[in-house]
Each structure stands twice: as C-alpha cells, then as structure tokens.
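Step one of this worksheet: look at the structure below.
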2 protein chains.
Amino acid sequence: MSLDNSMDASAHPLYERVKSHILHQISSGVWTPGEKIPSESELITQLNVSKMTANRALRELAHSGHLRRVVGVGTFVTEPKIESDLLEIPNIAEEIRARGHVYSARVELLAEERANSRLAENLGLTPGAKVFHSIVIHADGDIPIQLEDRYINPALAPNYLSADFSQKTPGEYLTELAPAQEAEHIVEALMPPKPVAKLLAMPEGEPCLVVSRRTWAKGIVASGSRLYHPSSKYRLGGRFAPIAQSSHGGIS
Amino acid sequence: MSLDNSMDASAHPLYERVKSHILHQISSGVWTPGEKIPSESELITQLNVSKMTANRALRELAHSGHLRRVVGVGTFVTEPKIESDLLEIPNIAEEIRARGHVYSARVELLAEERANSRLAENLGLTPGAKVFHSIVIHADGDIPIQLEDRYINPALAPNYLSADFSQKTPGEYLTELAPAQEAEHIVEALMPPKPVAKLLAMPEGEPCLVVSRRTWAKGIVASGSRLYHPSSKYRLGGRFAPIAQSSHGGIS
DNA sequence: GAGTGGTCTAGACCACGGA
DNA sequence: CCGTGGTCTAGACCACTCC
C-alpha cells in the first residue's frame, strides 16, 4: 500500500499524509471507535515510512484526541465526543461534520421585531429599534444538539431575513459579511424553559449548557445569541498552555 | 552546559528536560518576550542533544504558544497573550476576595487512595497506583460557591497531604510547586450527585456548572479535578478577540 | 519472550530568508 | 551564499504488557 499523493504530490509532509490516511480510515468506517488499529511496525511496512514518521503521526493524533495509545498493548480509535474548543468560536455545523456525522438545521423562526429595552441595551440600540430574530435548531442527524436563539443588528446584515439557513448557519452567513473583532461569552448551567426543552426533545429534569454570546464588528454589536445545549449531548472543552509569566497559570 | 537532571535523574524524557530548560530561561527572565533564542544547532551543541530531540522540544513549545518559529530567521519568545481570559479558569479565592467578600474554605477530605482504572487512565497512571485525593468547599462567607474534587499525582506533590488548605487553595499550593505546561478544560451542565448537592446546600432540581480540569507539568498529568458550581451562584464569562489565523473565528 | 509504544541518535536533504 | 527551521530515515535501546 502507498499513501495518496494525489496530484499535489508531496506538497504536504509525509507525517501529515499518514495522519490523513488514518483519519480517512476512521471517517470511512474501516477502523471503528474502540477498535485496535495497526501497530507502528505494521504501518511502517504498509505505508513504507520510517518509525519516527509513523510515530509522529500517531502521537499527534493521540494528542488531538483521535487515537489512544497504550504501551505494550496497541493503538485504538477514540470514542467520538462532541466537544468544542473553548479557544475558538465554535461552529456547530463544522463540529458535527468533523465527527463524520450529518449536520441538519431547522429554522423555527426568522422575522423582524422591535427591541424591548433589555434587548436594546444588550445590542447597543434604542428601545423600539428594528432587529432581526432567528431561532434555528442544529442537529446531528435527527438529534438536536443546539438551539440557537439569535438577534441581529440590521445595520450589519440588512438581507438577513432572505438568507437560507438550512445549509449555511447564521454564524457562517455573518462571518462572510463582516469578520468579528471581539466576542463575549458567558457560560452557565440552566434548566431550559419549557418551549426550549420541547424543541430540543429533552427529558424532564435535564439541564442545559447555555452559552450567551455577543459579537462586535466594525465597532458595534453585530449579534447577540443564546445557545442552548442538552447537557447529555454537548460539552465545551479546550486544551491550552497557561500564560508563561502570569501569576495565574500554575497547575492550579 | 548540561540539562538539569536534579535528583530524579532521567525519569523524564530528554525532550521534556529540554522544554523545561527553555521554559525556565523564559520564566527566570533570561530570555524575554520577543527575544530570539538560540537556534536549533546552537541548542544541540549547548545541551548535547540530537537535532530531532531539540526540534521536538522547540516544536511542542511553539505548538503550546510559548515560542514562535520562523524558517530562515529563528525562534522567538512569544509575547504574552491577552486573549486567554475565558480560558484561565479563575482562582476562586481571588475571585471572591476581589468582590470584597470573605473567602473561606472547608476541607472535607484529604487522603491517600488507590486509583481505579478510570482514574488511572485520566491521570496517566497504572490502576492501583497511589494518588492523593482532596475535597474542598470554597465559600463566599457562608455560601458555598464551589466544590473542588481533586486528584493529585504524588510524583509532583509528595507532601500534598500535609498542606494546609484553609487559607491557600490546592491550586495555589500546586502552582508554587511546578509550573503547568498545559491544561485541559471541559465545561458541562450536570445535575449534582446527592452528596455534592448537600455539601453545596443546593435545592432539589438545581443544576451545576461543572468544570473538569487536567493539568500537565513536566510532561505528565499533575492533577485532575472536578469543580461543581451551583448554577444560581456561578457562571463563566470572558471577552476576547477571535483567534487570528484560524479558519474558524468569525461572528458566528 | 514477543510485541507494543516511547525515545534517541547521526546524518541527510529541503525550502526559505537575509546579506 | 550561509544559517534557519522542517522533515525524513535507519537503526538502536528501553519499559511495558500479555502470554
């Protein structure tokens, strides 16, 4: 066997092609979660690479959470977990597709409204000002993962109401219009309001992980949204290095 | 020059000792942010290691954000970032005191235990290995804000059991022992187990915001902890600039 | 003991950037 | 041109697990 060089040939480093090969075997279902994959020495002969190259590919995939390695035993495909990176602004559609699952969206609401005083304050508008309001259910196959309740500043997305959110998420739509300069996140655990629980098909008594977010573009508030996730189906995660000399950033 | 083997000698891999050496040069101010550090070849002769070993140490420090490498130019110490606000889970004691309230702690448990298989996997130990276990309730006055359920790798904090956690938190204690190189956070919403709810004086049916954290020092897992917060009394928040070069990171 | 991952070396070639 | 980082190899030794 040899690695797919396609046409671009060795544009990518060899260890990256090894990683791609392994990820492809996983996403195409050849190697399933929990299963033991070929050992280093097997990959070395199968792919005709050196031990250091194979090892680097496997090590990096283990670090990124795709594989799990156990000395003296073998290398295994990790059980998939829906988990996003706290460092990045999460894109729920990408996350689901990255798991090799089918992303689907259902638009529950897409309308123009008038801002009440509380909303106006959040978005930096005056009470009674025109705002766009969307509610979209993001699902992994048939399983709802996120209810996105979003208000938009019309100044930054005048044609928002005529967008098609069945394939492109509101976040992706806005990303193309204006890159965000800044974002604010608040994360909390809440019992969902009844209508939210119903739309997310949640059993009685299950809490939600709620991310409230505001983004700024061109110096003004572009969008304020509230993302409800069933606690059993979603969690936030991040891995990062502490700041070097900071008074924080110890083991803590 | 040679690397600090201290007493534990080559218990740690060589590339980890190279990393520690570099981090120490930075934290002690020998190499300052923005400054160019010795090149690979210089480090190779100075520390008497092979190119691959030096390269791995430098590559991993670049990946973790401590260094920045530019081909044909050199390797530089990174300027401290501001964007990690959300990512530093705040020190609960500092946070309470910053509000002008009275911080208090109650140690519920401080003991040596044997790791079961799940815990051993999380900490990178073998099942049955010795671990330290602490449970501390952090309170704002009389109001419990956080239950900290923490397991420690004894290799990195041999005297953990004789520490006094009534004034100094376990996190602060560990921070002084060994600087963490990396941390992982997972945030989720959970209904608290009965004993946790009781210790936090939570009413029936209130969810918890749960932060699970692992930290790495010297290349091994230093500590794994689970922080339970009553949803009505705590939430995570932060404001930051999206990551520049990421393919993600828009308004979203 | 055989197989596994984990590390390490000595040397090699390459693409790039600056003088 | 030379120094930089980036990759790659062939082979080596080790600690570990499972039989």
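In what follows, chains are A, B, ... by sequence order, proteins preceding strands, each numbered from 1. No hydrogens, no waters, no symmetry mates; every other heavy atom, side chains included, goes into these values.
- With sequence neighbours excluded, the residues forming a side-chain contact (heavy atoms from CB on, under 4.5 Å) with B/S117 are B/P127, listed by chain and number.
- Defined by atom type and a distance below 3.5 Å, a donor-acceptor pair is missing between the side-chain atoms of B/E148 and B/S225.
- Note on A/R59: nothing from the nucleic acid sits closer than 4.0 angstrom, heavy atoms only.
- Using a 4.5 Å heavy-atom threshold, the side chains of A/K233 and A/I143 count as touching.
- Axis angle between the ends of the helix from C/dG1-D/dC18 to C/dG18-D/dC1, five pairs each and rounded to 10 degrees, works out to 0°.
- A 4.5 Å side-chain heavy-atom check between A/R56 and A/R59 finds at least one atom pair inside the cut-off.
- B/E42 meets the salt bridge (Lys or Arg N to Asp or Glu O under 4.0 Å) test with no other residue; sequence neighbours excluded.
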Per-nucleotide protein contact string for nucleotides 12-19 of chain D, where B marks a base within reach and S marks sugar-phosphate only (heavy atoms under 4.0 Å, - for neither): B---BBS-
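- One atom, CG of A/L58, and another, P of D/dC8, lie 14 Å apart when rounded to the nearest Å.
- For the pair B/T32 (side chain) and B/G29 (backbone), a donor-acceptor distance under 3.5 Å is absent.
- Taking the salt bridge (Lys or Arg N to Asp or Glu O under 4.0 Å) definition, one finds that B/E113 meets it with nothing, sequence neighbours left out.
- Relative ring orientation between B/F132 and B/Y160 is described as parallel, the plane-to-plane angle staying below 30° on a 0-90° scale split at 30° and 60°.
- In this structure, B/Q46 and B/P38 have side chains that are in contact, with non-hydrogen atoms separated by less than 4.5 Å.
- Rounding to whole angstrom units, CD of residue A/E40 and C1' of C/dA2 are separated by 16 Å.
- When each of C/dT7, D/dG6, D/dT4 is scored by its nearest atom to the side-chain atoms of B/S41, the top-ranked nucleotide is D/dT4.
- One finds a side-chain N or O of B/R56 lying less than 4.0 angstrom from the OP1 or OP2 phosphate oxygen of C/dT7.
- Crowding of B/R68 atom CZ: a count of heavy atoms from other residues, nucleotides or ligands under 6.0 Å not exceeding 12.
- Distances shorter than 4.0 Å separate some side-chain N or O of A/T75 from OP1 or OP2 on C/dG5.
- Look at A/S39 and you won't find any side-chain N or O under 4.0 angstrom from OP1 or OP2 of C/dG3.
- Rounded to an integer number of Å, the gap from CZ of B/R68 to C1' of D/dG6 is 16 Å.
- Outside the 6.0 Å centre-distance limit, the rings of B/Y234 and B/Y228 are not counted as a close aromatic pair.
- Taking the six-membered ring for Trp and thresholds of 30 and 60 degrees, B/H63 and A/H63 have ring planes more than 60 degrees apart, a perpendicular arrangement.
- Checking the phosphate oxygens (OP1, OP2) of D/dC8, no side-chain nitrogen or oxygen of A/Y15 falls inside 4.0 Å.
- Comparing A/K36 and B/A54 along DNA chain C, the residue whose closest nucleotide (by nearest heavy atom) sits nearer the 5' end is A/K36.
- In this entry the distance linking NE2 of A/H12 with P of C/dA15 reads 16 Å, nearest Å.
- Here the P atom of nucleotide C/dC8 and the CG atom of A/N55 are 11 Å apart, to the nearest Å.
- Taking a 4.0 Å limit (strictly below) on heavy-atom distances, residues 115-124 of chain B does not reach DNA chain D anywhere.
- Comparing atom distances between the B/S50 side chain and each of C/dT7, D/dT4, C/dA10 picks out C/dA10 as nearest.
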